[in-house]
There are 2 protein chains.
Amino acid sequence: MARVTQQDIAKVMGVSVMTVSNAFNRPDQLSPDLRTRVLERAAKMGYTGPDAIARQLRSGRTNTFAVAFEEKLSYAFSDPFSVAWLAAFSEVMEKHRASIMLLSVPAGDHEALAAVQDAAVDGIAGLCGNQPAMIRARERGMPTVYCTLATREDAEGTGDYVVIDDHAAGLEMAGHLRRLGHERVFLLVETPYRGQPRMVEYRPEDFRALVDAHAGYLFSDDLRLAGLVEGLHGLEVTIVPVGTNSRAAGNAAGTLVLDRTDRPSAVVAVSDVMALGFMDACAQRGLEPGLDVSVAGFDGLPEAADAGLTTIRQPVRDKGRLAAELLLDPSLPDRRIILPHELIVRRSTRPVG
Amino acid sequence: MARVTQQDIAKVMGVSVMTVSNAFNRPDQLSPDLRTRVLERAAKMGYTGPDAIARQLRSGRTNTFAVAFEEKLSYAFSDPFSVAWLAAFSEVMEKHRASIMLLSVPAGDHEALAAVQDAAVDGIAGLCGNQPAMIRARERGMPTVYCTLATREDAEGTGDYVVIDDHAAGLEMAGHLRRLGHERVFLLVETPYRGQPRMVEYRPEDFRALVDAHAGYLFSDDLRLAGLVEGLHGLEVTIVPVGTNSRAAGNAAGTLVLDRTDRPSAVVAVSDVMALGFMDACAQRGLEPGLDVSVAGFDGLPEAADAGLTTIRQPVRDKGRLAAELLLDPSLPDRRIILPHELIVRRSTRPVG
DNA sequence: ATGGTGTTCTTTATCGTTACAGAGAACAAG
DNA sequence: CTTGTTCTCTGTAACGATAAAGAACACCAT
């Protein structure tokens with residue numbers, strides 16, 4: 001019992017396949033009478049409507065857009081930034097009656113990259129521009145939009161983007177700490193890519209060399225970090241790659257940074273979740289952020305406001321919304337958007353002393 | 001400049017299309033030499049690899065599975081139960097290298113139903129069996145799995161499922177309250193479907209009539225509620241439909257239930273999020289759950305444990321995992337799975353008096 | 001020579017649908 | 001009685017790929 005197709009119906013009814021097709025898609029192309037007869041017969045034969053795939057092949061469009069994550073999807077659902085972005089993105093997609101496909105392409109998982117090749121979508125969005133999935137998508141000639149410029153090279157690539165000026169944001173945060181008189185600063189960065197060093201202290205120049213050696217594939221906040229390092233030039237700066245961007249990783253970093261005699265006076269994480277995790281570590285040790293050690297993050301999550309965390313707020317929802325709009329409307333002229341950000345000073349950062 | 005196809009490459013190189021196809025998919029079918037030449041030429045011509053849609057049409061499989069939500073997707077990402085389920089579901093899908101498509105088909109949104117028709121997927125899963133998207137998918141003859149039996153009719157339908165015995169769970173919860181001596185109980189139920197009554201008090205029999213009048217499309221926890229009502233028979237029971245399943249809705253219910261002279265001694269919400277929202281309302285009024293009013297929920301979220309909420313724990317992750325496995329492997333024999341649940345008594349429910 | 005066995009490439013048919021260009025009939029206008 | 005127009009419906013040719021079977025040739029053992 002094979003599947004019923006328009007052809008079968010046409011044969012049985014003695015009409016052309018085109019008539020059956022028109023009965024479903026273009027009612028004005030045939031008489032109302034014949035149309036109802038075709039539809040009735042189709043229902044009786046168990047025909048379930050035009051096949052989606054065949055239609056897509058014909059039209060060349062799927063009305064589906066992919067979102068690529070460089071972590072497991074369970075991470076995407078648990079990270080507040082991802083969720084907020086995804087919610088805004090999906091709201092626009094829903095409004096336009098487009099569907100969303102989720103792709104998980106963990107770094108280093110070469111096999112998972114095939115999913116990008118096999119995805120029947122009209123375009124793809126991702127949080128980070130230099131993740132393998134996005135690179136592959138661009139190679140495939142697929143419309144892409146990404147929401148973080150990881151490296152300067154990304155900006156010169158072929159993809160569209162909706163970003164903030166992460167380098168400038170890093171500079172601002174550095175300036176803030178400098179004004180507060182901090183001279184010894186630790187920077188917590190994520191290095192989501194597998195097999196990379198974690199929880200080791202680096203001088204900025206060594207870390208730079210490490211990143212360059214990995215051709216930008218080492219982590220996703222290069223510009224942000226570059227701004228920080230540049231802005232903190234002359235001070236004693238130490239970089240700690242903590243692994244995955246998560247509250248747990250930030251907390252773990254507390255072990256390395258707090259349980260020592262020569263504690264830094266300030267710690268900046270390149271994301272709020274890491275900073276919040278680090279604050280958890282402070283709390284566990286009875287230390288008060290801002291007094292015992294200044295702490296700052298990036299992103300501007302609601303959770304950061306509750307915790308009194310100094311941060312750089314970025315318009316997450318606008319990123320998601322605009323990314324969706326760029327994908328949906330290829331004729332929009334402005335396809336490389338830089339949104340404003342804002343330094344928000346809270347009680348977690350205070351003057352040294 | 002149209003897209004490059006295998007045909008173009010074949011023509012230029014003077015080989016058959018099949019050879020080009022084999023170069024990409026079946027290396028053993030042609031000489032290594034010719035293969036490299038084909039691949040090189042393909043790259044030079046800007047060919048980006050076999051087209052996903054065409055391949056899908058040929059093979060009849062997409063390796064993609066849909067998840068249908070009866071709310072906006074932003075809800076799905078914010079509801080703890082949804083997220084936990086989705087995380088487990090996606091973990092299995094990722095492991096099998098399958099992709100996930102998210103479909104949002106809000107109740108009453110007839111146009112959004114077309115998404116089910118147009119989805120190029122091998123199967124579809126949903127939390128609730130009687131949501132329009134799932135019904136349509138079954139009509140289309142698509143493999144379906146759902147994770148809540150909303151009504152008894154669902155159980156007799158054609159779809160596969162992974163559920164708990166919600167009726168028994170309701171009975172158990174009722175028994176628990178009865179043993180504690182409660183005689184006046186309010187039940188908070190969700191009614192996600194649009195245009196339905198909210199925040200009005202119903203006698204059980206009136207509410208039953210209302211549900212029946214809507215042919216089961218009124219809300220999604222019918223069996224659970226039926227168990228509660230049955231188990232509380234003889235006591236004074238009031239049903240309050242609160243609208244969408246959310247913390248905010250549960251909180252709002254507090255206004256109706258708490259700000260009155262004849263407060264009930266116990267309140268049961270058909271989900272933990274609603275119960276937690278109701279506990280928020282208690283806290284705002286300086287009332288202590290368990291002392292001033294007993295509160296209970298369903299689902300067994302981690303948040304419920306933190307809040308000391310009595311609840312029925314159900315294996316969310318197993319539901320998600322098994323749903324994915326049923327979709328991925330149509331040959332699994334056991335396709336209608338009833339998982340165990342467990343009453344967990346905490347400090348939010350205590351004896352009357 | 002003969003036949004069997006690979007290797008390598010080609011031919012043909014098909015997946016299910018829709019765009020496009022007609023064809024024939026009916027009908028109105030000149 | 002033409003000519004044009006509208007209404008219905010049909011046939012053909014894609015969309016881009018792959019499965020299956022076949023053909024051409026070389027190679028080896030009988």
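Each chain gets a letter, A, B and so on, in the order its sequence line appears, and its residues count up from 1. Fair warning: this is a prediction, and the values are worked out from it, not measured in the lab.
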Presence of [X] side-chain N/O under 4.0 Å of [N] phosphate oxygens OP1/OP2:
| X | N | answer |
| --- | --- | --- |
| R3(B) | dG16(D) | yes |
| S21(B) | dT18(D) | yes |
| S16(A) | dT10(D) | yes |
| T19(A) | dC9(D) | no |

*Run the side chain to side chain contact (heavy atoms under 4.5 Å, CB included) check on F65(A) and I124(A) step by step: do they pass?*
CA-CA 6 Å; F65(A) 295 87; I124(A) 180 168; over 6 Å; no
[atom1]/[X] to [atom2]/[Y] distance, rounded to the nearest 0.5 angstrom?
| X | Y | atom1 | atom2 | result |
| --- | --- | --- | --- | --- |
| M134(B) | Y161(B) | CE | OH | 13.0 Å |
| M13(A) | D8(A) | CE | CG | 13.0 Å |
| T64(A) | L103(B) | OG1 | CG | 8.5 Å |

From [atom1] of [X] over to [atom2] of [N], roughly how many Å is that when rounded to an integer?
| X | N | atom1 | atom2 | result |
| --- | --- | --- | --- | --- |
| M18(B) | dG22(D) | CE | P | 16 Å |
| M13(A) | dC9(D) | CE | C1' | 13 Å |
| L57(A) | dA13(D) | CG | C1' | 13 Å |
| Q29(A) | dT6(D) | CD | C1' | 12 Å |
| D118(A) | dT18(D) | CG | C1' | 14 Å |
| Q7(A) | dT12(D) | CD | C1' | 13 Å |
| F24(B) | dT18(D) | CZ | C1' | 14 Å |
| R140(A) | dG16(D) | CZ | P | 13 Å |

*Indicate, with a heavy-atom threshold strictly under 4.0 Å, whether L34(A) touches base, sugar-phosphate, or nothing.*
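The residue L34(A) makes sugar-phosphate contact but no base contact.
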*With a non-hydrogen cut-off below 4.0 angstrom, is R58(A) in contact with a base, only sugar-phosphate, or nothing?*
base
*Sort out for me which residue in H96(B), R317(B), R321(B) forms a side-chain contact (heavy atoms from CB on, under 4.5 Å) with E91(B).*
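Answer after filtering H96(B), R317(B), R321(B): R317(B).
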*Looking only at side chains, do Q56(B) and T62(B) share a donor and an acceptor under 3.5 Å apart?*
no
*Will you find, in the side chains of D329(B) and S331(B), an N or O donor that is under 3.5 Å from an N or O acceptor?*
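There is such a pair (donor and acceptor under 3.5 Å, judged by atom type) between the side chains of D329(B) and S331(B).
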*Along DNA chain C (nearest heavy atom to each residue), the more 5'-positioned of N22(A) and L30(B)*: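 It is L30(B) whose nearest nucleotide is closer to the 5' end.
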*Hey, where on DNA chain C does chain A first and last touch, going 5' to 3'? Cut-off is any atom under 4.0 Å from a heavy atom.*
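Listed 5' to 3', the contact boundaries are dG16(C) to dC20(C).
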